[in-house]
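Worksheet for the structure shown next.
Keep in mind it's a predicted model, so treat the numbers as computed, not measured. In what follows, chains are A, B, ... by sequence order, proteins preceding strands, each numbered from 1.
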Amino acid sequence: MSFLDETGSDLLLGNEAIARGALEADVACVAAYPGTPSTEVTETLSKYAKETGVYVEYSTNEKVALEVATAFSWSNLRAMATMKHVGLNVAADTFMSLAYQGAVAGLVILTADDPGMWSSQNEQDNRIFGKFAGVPVLVPSDPQEAKDFTKIAFELSESIGAPVLLRSTTRVSHTRSPVTFSSLGENVRQGNRRKGTFKPDIVRFVSLPANAKKNHPKVLQRLDQAISFSRNHELNRLEGSGKVGVITQGVEYLYVKEAERDLGTQLNILKLGMVYPLDKELIVEFAKQLDVLLVVEELEPFLEEMIKAILYEAGLSVPVHGKDVLPRVDELNYWKVRNALERILNLPVTEPQIAQVPSLPPRPPVLCPGCAHRNVFYMVKKTERKSVKPSDIGCYTLGALDPLKAIDTCIAMGASVGLGSGMAKAQEERVISTIGDSTFFHTGLPALVNAVYNRSKLTLIVLDNRITAMTGHQPNPSTGITASGDIGAHLDIEQVARGLGVDYVKSVDPYDLQALEEAIKEANEYTVAVIVAKQPCALLRQRQLQRRGERAPLYAVEEEKCTGCRVCVNLLGCPALVFDRDKKKVSIDEDLCAGCSACAQVCPYNAIYEKSIEGEKNFDVVSDESRARWQQWYTTLF
Amino acid sequence: MAAVVYNIVLTGVGGQGILTAAKVLGKAAMMAGYYAAVGEIHGLAQRGGSVIGFVRISENPVASTVPEGTADLLLSFEPLEAIRYINYAKKGTTFIVNEAKMVPVSANLGSTVYPSLEEIRKNLEEFGPCHMFDATALAKSLGSTIYVNSVMLGKSASVLSFLLPKEVIEKALEEVLPRDLENNLKAFDLGYQVS
């Protein structure tokens with residue numbers, strides 16, 4: 001079974017299904033900034049970019065991604081922008097105005113929301129964004145619908161001339177289940193990269209106030225047209241019968257079905273595929289049959305509030321339940337939905353038999369062995385104990401945890417620099433911020449300009465591992481490779497900082513702790529300082545070395561010299577360092593060690609040595625040879 | 001199929017190949033004619049942290065999350081992680097547990113203590129049968145810890161034979177891990193033969 005087969009079915013991840021749906025819709029462009037749980041859509045498409053002729057790009061941020069996709073739509077080529085829920089906040093400026101101007105060829109914006117915050121800083125409900133902008137919102141329940149709805153979203157967008165928001169959640173995007181394929185789009189099948197044509201239309205495309213005034217009523221007209229479209233395409237579906245009604249959507253629908261089965265009851269279900277705009281007539285006709293109605297939806301009472309207003313307007317008094325019996329925070333699940341149904345059905349509420357988890361050593365995610373972020377955080381904590389330490393979104397947010405604890409804040413992409421710039425003024429003290437390379441290019445840049453312009457006493461350490469690591473190693477401007485694997489420009493962050501007028505710019509190898517310490521101290525003498533800590537993502541590097549049949553040097557502990565002081569463990573918290581409680585010695589797990597040598601550098605008894613040199617133990621770990629090797633890892637990774 | 005839905009919970013440490021194993025079981029279920037829903041968590045939650053994945057095998061579409069207190073099989077790639085997700089177990093859950101410990105940083109720092117294997121086994125056996133063995137050692141006998149997931153899949157094939165024939169799981173393994181297939185199949189067999 002191949003992903004580009006014309007027929008058949010396969011076990012697909014929800015995000016792979018969305019990618020497949022886009023190919024069936026004959027998409028011409030997909031632009032994205034990676035973000036969990038949205039990433040695999042573009043990751044999948046990037047693999048097939050060459051074969052299908054689809055233009056796939058990782059844009060520097062979500063706003064740019066939406067603009068690139070819009071450009072294709074306005075050039076009469078179907079396009080999609082994909083992002084995680086908070087990515088739409090970044091794209092919102094364009095998104096809100098785009099709703100007035102509309103789409104030419106189908107334009108779909110995927111927002112992958114994260115109820116339960118598995119890998120996010122909030123669980124905002126982006127269905128509200130669709131309503132806010134006046135853009136139709138489709139919500140699939142499972143991978144099959146994710147594929148089908150993607151295709152329908154393109155048709156809807158094109159037929160009414162509006163961008164369409166496709167809203168997935170973690171439990172749809174990251175569920176793998178059987179998906180039946182339909183045929184691929186004509187151009188995709190032939191691998192045909194088409195050329196677009198933009199036809200100027202000043203009233204439509206130039207948002208001067210006078211033009212925008214003409215465009216606003218069109219937003220409302222398109223929403224009316226979306227209702228007719230939803231009826232023709234059966235986006236909203238009726239199931240079952242009886243006096244007990246449930247209106248639901250998304251993965252919540254599957255919880256309702258499972259609870260219905262286990263309770264042995266018959267529900268009258270309206271399953272919505274298009275959650276905005278709501279089909280008022282459909283809701284009223286449905287509610288007329290009922291004695292009671294339960295709205296089952298995760299997070300905000302988005303449907304519930306609209307439905308209550310619709311029923312009030314229609315003079316219907318059927319009781320409507322929703323957030324009175326279901327929580328407004330976190331994901332829903334089988335038990336929450338079943339218990340809510342039991343309550344409105346006046347059945348005894350089943351207490352699930354759930355075993356108590358005893359108190360255990362916690363295992364939060366940690367920085368990988370050999371991750372250079374660890375070294376930076378260790379050194380930041382050592383040298384800048386008193387400074388405020390804003391950080392950002394990425395693997396390195398883990399620097400907030402024990403034992404590193406070298407991060408004070410994390411709000412949103414790029415905020416380490418803006419907050420750092422402001423903290424320096426508010427506290428009248430030097431601030432030390434940390435940010436990753438991808439995040440630096442995403443939204444760190446304008447904030448750095450701000451710090452330079454306003455003369456904030458800020459040291460910014462860019463943790464340049466040459467990849468967007470947390471989301472699974474997508475390339476960015478520091479990588480120098482594009483989404484489709486072509487050679488792009490490698491933007492050197494040191495040069496960028498110099499170009500912006502930063503007072504002190506230095507690149508250092510974070511594996512060399514002494515060099516790192518000197519740079520941080522030296523930076524304190526200048527107003528705005530940027531230190532670029534260059535060392536590739538250890539996880540990726542280890543994989544690459546393995547593929548080439550090489551391996552990084554191993555480190556080991558000389559047992560007689562180890563006093564069991566645990567300085568290495570307490571300062572670095574590297575997962576490869578194992579402390580034996582009985583022997584009171586530290587050892588290094590050879591399967592995990594990635595050869596960064598940080599432990600050897602911090603050991604006060606010089607008890608850790610490089611093992612790889614045959615016949616001798618090398619206790620002098622930062623040799624010229626090591627420096628050359630680390631340098632080579634950075635420059636030849638891609 | 002015995003129940004309407006057969007619920008499998010897979011746990012372990014990020015990087016052990018748990019999601020790959022889940023995908024193999026899901027594929028096998030689909031090949032055997034069932035509906036399969038595999039639940040995964042990606043991104044930040046993976047980095048060396050505690051990981052949970054789900055496989056649900058059923059006749060009809062279901063959500064991919066196993067409800068707490070309903071696991072038929074709990075496959076843990078690391079002993080401590082079996083206990084961490086005991087809330088998914090019920091009376092009669094079968095456990096397959098890799099007994100090779102991976103000590104979390106918190107226990108190395110001395111703030112908490114890693115329980116003994118005996119304590120862990122006792123705790124699990126209160127619910128159902130527990131197959132505990134060193135899957136990591138078996139994987140290493142083939143040259144790398146990378147084969148742990150195939151070893152674990154092999155053992156689960158011996159437990160799941162009433163639902164999924166061994167050959168079907170092997171076929172699914174072939175599709176998911178075509179690279180280095182020979183060693184993965186060897187690892188699968190080593191796991192299958194564990195008593």
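Using a 4.5 Å cut-off between heavy atoms, B:Val62 contacts chain A through both its backbone and its side chain. Of the two parts of B:Lys27, the backbone and the side chain both hold a non-hydrogen atom closer than 4.5 Å to a non-hydrogen atom of chain A. For a residue to count as touching a neighbouring chain, one of its non-hydrogen atoms must lie under 4.5 Å from one of that chain's; by this rule A:Ser120 does not touch chain B. For A:Arg171, the parts sitting under 4.5 Å from any heavy atom of chain B are the backbone and the side chain alike. Proximity to chain A (any heavy atom under 4.5 Å) is shown, for B:Glu119, by neither the backbone nor the side chain. For A:Asn570, the parts lying near chain B are the backbone and the side chain together; criterion is any non-hydrogen pair under 4.5 Å. With a 4.5 Å cut-off on non-hydrogen atoms, B:Phe54 touches chain A through its side chain but not through its backbone. Neither the backbone nor the side chain of B:Met31 comes within contact range of chain A; no heavy atoms are under 4.5 Å apart. Residue A:Leu13 touches chain B through its side chain alone, counting heavy-atom pairs closer than 4.5 Å. Looking at A:Tyr334, the atoms closer than 4.5 Å to chain B (heavy atoms on both sides) all sit in the side chain, from C-beta outward. Only the side chain of B:Pro115 comes within contact range of chain A, with heavy atoms under 4.5 Å apart. Only the side chain of B:Asn123 comes within contact range of chain A, judged by heavy atoms closer than 4.5 Å.
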Would you give me the side-chain donor-acceptor pairs under 3.5 Å for residues 160-174 of chain B, sequence neighbours excluded?
{"residue": "B:Lys166", "atom": "NZ", "partner": "B:Asp189", "partner atom": "OD1", "Å": "3.2"}

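For A:Asp402, the salt bridge (charged side-chain N to carboxylate O under 4.0 Å, His left out) partners are A:Lys405, not counting sequence neighbours.
Using non-hydrogen atoms only and a strict 4.5 Å limit, the part of residues 127-141 of chain B facing chain A consists of B:Phe127, B:Lys140. Using non-hydrogen atoms only and a strict 4.5 Å limit, no part of residues 149-157 of chain B faces chain A.
The minimum heavy-atom distance between A:Arg363 and B:Leu80, with the atom names listed, is NH2-CD2, 3.7 Å. Nearest heavy atom pair, residue A:Pro358 against residue B:Ile86, reads CD-CG2, 4.4 Å. Residues A:Val251 and B:Ala63 share a closest heavy-atom pair of CG2-CB, 4.0 Å. In this structure, B:Thr112 and A:Pro362 approach most closely via the heavy-atom pair CG2-CD, 3.9 Å. Between A:Arg261 and B:Val5, the shortest heavy-atom contact is NH1-CG2, 3.6 Å.
Per-residue counts of heavy-atom pairs under 4.5 Å with chain A were compared for B:Thr65, B:Val55, B:Val103; the largest is that of B:Thr65. When each of A:Val578, A:Val172, A:Leu367 is checked for heavy-atom pairs under 4.5 Å with chain B, A:Val578 comes out on top. With respect to chain B, the highest number of heavy-atom pairs below 4.5 Å among A:Arg338, A:Glu252, A:Arg581 belongs to A:Arg581. The candidate with the highest count of non-hydrogen atom pairs below 4.5 Å against chain B, out of A:Pro361, A:Gly35, A:Gly14, is A:Pro361.
Between the side chain of B:Asn87 and the backbone N or O of A:Ile354, no donor-acceptor pair lies under 3.5 Å.
The environment of CD in B:Gln193 is crowded: more than 12 heavy-atom neighbours from other residues, nucleotides or ligands sit within 6.0 Å.
Interatomic distance, CD of B:Glu68 versus CG of A:Asn333, reported as 7.0 Å (0.5 Å rounding).
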